[in-house]
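One structure is given below, encoded as structure tokens.
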Amino acid sequence: MKKSLYIIAGLAMGVLSSCESMDMEPKSQGNSASWYSNELELEMATSEFYLINYWVRPLESSEQWTDNFTYRLQNRNPGSNGTVLDGTLNGQQWEVYSLWQQDYKLIARANSLLNNYHRAEGNVLPEKLNRYAGEAYFCRACKYAELMCYFGDVPYMEGTETITEAENKGRRPMSEIKPLVYEDFDKAIEYLPVSYGTSAVHFTRGAAMAMKARFALYFGDFDIAAKAAKDCMDLNIYSLEPDYAKLFLQNTRENPEKIFSIARSIENNVMLDEWFVKNGLPRNVGGYGSDNPSWDLLASYLCTDGLPIDESPLFDPRNPFKNRDPRCTKTIVEFGTEHCGIEYNPRHDVEQIMDFRTGTMKKNEDNRKVNTNSSYNGLIWKKGIDISWTENFPKVDRDYIMIRYADLLLMYAEAKIELNEIDASVTDAINAVRARAYGVPASSTSLYPAVPMGTQAELRKAVRIERRMETANEGLRYMDLIRWRLAEKALNGYNYINLAPDECLNNIVKKDLWLWGMTPQVDEDGLVDFSALHSAGLVALGAKRIFPKRQYLWPIPTRDRELCPNLTNNDGY
């Protein structure tokens, strides 16, 4: 059997060190015996921590595992919704293997530095040594925490091991690993600087505080989450970007709202995946328009009176973008508006649209009556996508934002709510985020639907709705549903889409029932029910979502279980 060592990626250093007595290291370049001995080598080693694949795969695509997302090709084949939402997740699938492999690879790099950076003592200033160690502690903490979120108990290593020792590894209980993770975060907080000035972006003290808060929230350690979030807030170096839409564009680089982001660069050939770019752009500018916001997401945005669509007198199902929270039209392209230089209008009777780049009309390729491959539910993403995506098409170097200040404020509020420590700081945090969406000061409560003081249950509902509106398509919804134990409820069912083109044109558009002929219902968890519209023949069934209870934890990769006989699997696999 071919052995694969992805669980024990740290073995490489152990294998190298076992050869040292053979004196085979080349004298003219770095090697396992002499590396980490000066500042240049430490700088080169830590630069590896910032490789984008360690941070974005497969998590940047995780929105498609949620009720915020639908994919055209899955709706064409309603029996297939992708591995995570087909209910068929297993230890041989890419999503499982990729996350496991990349996390353990970065852990191995961090362990290698932490086990050897003492070699530079006397050659590097102590504060610089501590900084490099802080970067390693940060990586190790983030990656072990992430592994536990998806897999539960996992193998834990903090040094080099022989192949035999590693193959005999089993899973260590989360209850034993969590204190070690928090300890690593605390060391990173102690060692990392608040800022690097104008030098290249590195992990900072604020990033360590914010990521500690995120994972503590995921683990239900609300006291730790609240304190870490408040500590980060009290650094007083982060603030909300006044323009919500601007924050996510590829031309927005350094920004006071970004606490931790991974940069992309066309110049350095680090770009958004071409498939991702083409699926995100409308067909009228050369894209596929295949990655689509779900109707569930569109229906989840509150109206401007602060009420859900099934309670607000302001909501019009025939004009679903009207009178909605401003983040709705900054996240999803509103029908009949300019997007990427063209008019976007998927109505089946709109066969010509304006090309604002040329000032002429053109054939509407984003209309399923004209092009059957256009969006099946009429929606496409606007958040983070603009005309700049077409300028070097398909090269796009939008930064990946791991965590930002608005998220931190909402995490602080949520942790305090779960602790039932409800005070003005809770509503202040939520309202700062909401007021920014309306472009007004948080104190101007007459100009936006401010969240009032309320009970724990009322504020829990409010902060969860706020998170969904604020962070849509940022890769956070999946883990929110998992930790709230709402995944079974939210992810079992169907994506709903428009009727077939001719039927939609005759029975919906011509009868003035576009987009929805009636208002869908929203339940106590903010989840939307379109079944009444389907029963009335107003919408069609798209891809079916299946999320079995076992998938709250993922399976352990099959290859590593074959290699390591003591690696048990999670229940149900």
Side-chain angles (χ1 to χ4, degrees), residues 7 57-69 81-104 142-156 170-178 181 211 214-222 224-225 294 296 411 414-415 418 460-461 463-464 467-468 471 474-495 523-527 543-558 560-561 567-573:
I7 167 187
R57 291 188 176 179
L59 302 180
E60 194 170 41
S61 300
S62 67
E63 201 82 6
Q64 63 187 287
W65 311 331
T66 77
D67 55 347
N68 280 355
F69 190 97
N81 212 328
T83 53
V84 176
L85 293 185
D86 274 348
T88 60
L89 200 64
N90 63 67
Q92 299 182 55
Q93 287 169 340
W94 178 84
E95 293 87 350
V96 173
Y97 168 72
S98 178
L99 181 63
W100 180 274
Q101 178 199 44
Q102 295 298 336
D103 280 2
Y104 274 113
C142 286
K143 295 294 106 175
Y144 272 126
E146 186 170 78
L147 285 165
M148 287 190 288
C149 287
Y150 282 86
F151 299 99
D153 301 341
V154 294
Y156 185 86
R171 298 164 69 191
R172 190 166 179 178
M174 285 182 61
S175 59
E176 296 179 9
I177 300 177
K178 279 200 302 178
V181 166
M211 294 301 286
R214 170 177 287 175
F215 287 115
L217 193 70
Y218 286 1
F219 295 143
D221 295 329
F222 301 117
I224 296 174
S294 66
D296 301 72
M411 290 194 298
E414 182 178 345
E418 294 303 329
R460 177 185 291 128
K461 180 177 180 180
V463 77
R464 291 182 178 185
R467 277 192 68 81
R468 190 176 193 184
T471 66
E474 294 183 47
L476 299 176
R477 177 68 174 171
Y478 178 79
M479 194 50 64
D480 283 348
L481 292 174
I482 294 295
R483 65 193 179 86
W484 293 336
R485 307 303 287 183
L486 285 177
E488 285 176 277
K489 181 179 180 182
L491 302 181
N492 280 303
Y494 288 89
N495 283 318
D523 72 10
E524 67 280 1
D525 293 311
L527 304 179
K544 186 175 183 179
R545 301 190 298 249
I546 302 173
F547 187 91
K549 185 175 182 179
R550 67 177 184 172
Q551 286 187 189
Y552 277 104
L553 289 177
W554 283 12
I556 305 300
T558 302
D560 298 280
R561 292 191 61 239
L567 268 185
T568 58
N569 211 345
N570 283 315
D571 292 343
Y573 295 103

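The basis for the numbers below is simple: all heavy atoms, side chains too, and nothing from hydrogens, waters or symmetry mates.
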Original post:
What's the shortest heavy-atom distance between Val84 and Leu89, and which atoms?
Top reply: CG2-CD1, 4.0 Å

**OP:** For Glu176 and Pro173, indicate whether the former's side chain and the latter's backbone hold a donor-acceptor pair under 3.5 Å.
**Re:** no

Original post:
With distance as the sole criterion, is a donor-acceptor pair present between the side chains of Arg545 and Asn495 under 3.5 Å?
Top reply: yes

**OP:** Could you list all the salt bridge (Lys or Arg N to Asp or Glu O under 4.0 Å) pairs where at least one residue sits in residues 142-152, not counting sequence neighbours?
**Re:** Asp103-Lys143, Lys143-Glu146

Original post:
Would a 4.5 Å heavy-atom cut-off, applied to side chains only, mark Leu486 and Leu481 as touching?
Top reply: yes

**OP:** In plain terms, say whether Asp571 and Lys549 are close enough for a salt bridge, that is, a side-chain N and a carboxylate O under 4.0 Å apart.
**Re:** no

Original post:
Side chains of Trp100 and Asp560: closer than 4.5 Å at any heavy-atom pair?
Top reply: yes

Original post:
Quick one: side chain to side chain donor-acceptor pair (under 3.5 Å) partners of Glu414, sequence neighbours excluded?
Top reply: Arg483, Trp484

Original post:
After noting the C-alpha distance and the side-chain angles of Arg468 and Asp296, does the key distance pass the salt bridge (charged side-chain N to carboxylate O under 4.0 Å, His left out) rule?
Top reply: CA-CA 11 Å; Arg468 190 176 193 184; Asp296 301 72; 5.4 Å; no

Subject >> Spatial distance of atom CG (Leu476) from atom OH (Tyr218) [nearest 0.5 Å] >> reply: 5.0 Å

**OP:** With rounding to the nearest 0.5 Å, note down the distance linking NZ in Lys489 to CG in Leu527.
**Re:** 5.5 Å

Original post:
So which heavy atom on Val96 is nearest to which on Gly91, and how close?
Top reply: CG1-CA, 4.4 Å

Original post:
About how many Å separate OH of Tyr104 and CD of Gln101, when rounded to the nearest 0.5 Å?
Top reply: 13.0 Å

Subject >> Closest contact, heavy atoms only, Met411 versus Arg214 >> reply: SD-CA, 3.5 Å

Subject >> Atom pair CG/CD1 of Asp153 and Ile177 - distance to nearest 0.5 Å >> reply: 7.0 Å

Original post:
Sequence neighbours excluded, which residues qualify as side chain to side chain contact (heavy atoms under 4.5 Å, CB included) partners of Thr568?
Top reply: Arg171

Original post:
What residues form a side chain to side chain donor-acceptor pair (under 3.5 Å) with Asn90, not counting sequence neighbours?
Top reply: none

**OP:** Check whether any side-chain N or O of Asn569 sits under 3.5 Å from a backbone N or O of Ile556 as a donor-acceptor pair, and report yes or no.
**Re:** yes

**OP:** Verify, without hydrogens or angle tests, whether Asn492 (side chain) and Phe547 (backbone) share a donor-acceptor contact under 3.5 angstrom.
**Re:** yes

**OP:** Just jot down the side chain to side chain donor-acceptor pair (under 3.5 Å) partners of Glu418, sequence neighbours excluded, or say none.
**Re:** Arg460

Original post:
Would you call Tyr552 and Asn570 a side-chain contact if the rule is heavy atoms closer than 4.5 Å?
Top reply: no

Subject >> Main-chain N/O of Tyr144 paired to Tyr156 side chain as donor or acceptor, under 3.5 Å >> reply: no

Subject >> Validation row: Gln93, Thr88 side chains within 4.5 angstrom (heavy atoms) >> reply: yes

**OP:** Assign the ring pair Tyr150 / Tyr478 to parallel, tilted or perpendicular, where the plane angle (0 to 90°) is split at 30° and 60°.
**Re:** parallel

**OP:** Taking all non-hydrogen atoms of both residues into account, name the closest pair between Gly475 and Ser62 and its distance.
**Re:** O-OG, 3.3 Å

Subject >> Approximate separation, where rounding is to 0.5 Å, of Phe219 CZ and Met148 CE >> reply: 4.0 Å

**OP:** Would you name the heavy atoms of Ala225 and Ala216 that are closest together and state the gap between them?
**Re:** N-CB, 3.6 Å

Original post:
If you measure from OG1 on Thr66 to CG on Leu85, what distance do you get to the nearest 0.5 Å?
Top reply: 7.5 Å

Original post:
Going through the distances and angles, do Phe151 and Leu553 end up as a side chain to side chain contact (heavy atoms under 4.5 Å, CB included)?
Top reply: CA-CA 5 Å; Phe151 299 99; Leu553 289 177; 5.8 Å; no

**OP:** Kindly write out the residues that satisfy side chain to side chain donor-acceptor pair (under 3.5 Å) with Trp65, not counting sequence neighbours, or none if the list is empty.
**Re:** none

Subject >> Over 12 foreign heavy atoms within 6.0 Å of CD, Gln92 >> reply: no

Original post:
Got a donor-acceptor contact below 3.5 angstrom from the Arg477 side chain to the Glu63 backbone?
Top reply: no

Original post:
Is a donor on one side and an acceptor on the other found under 3.5 Å between the side chain of Arg550 and the backbone of Pro555?
Top reply: no

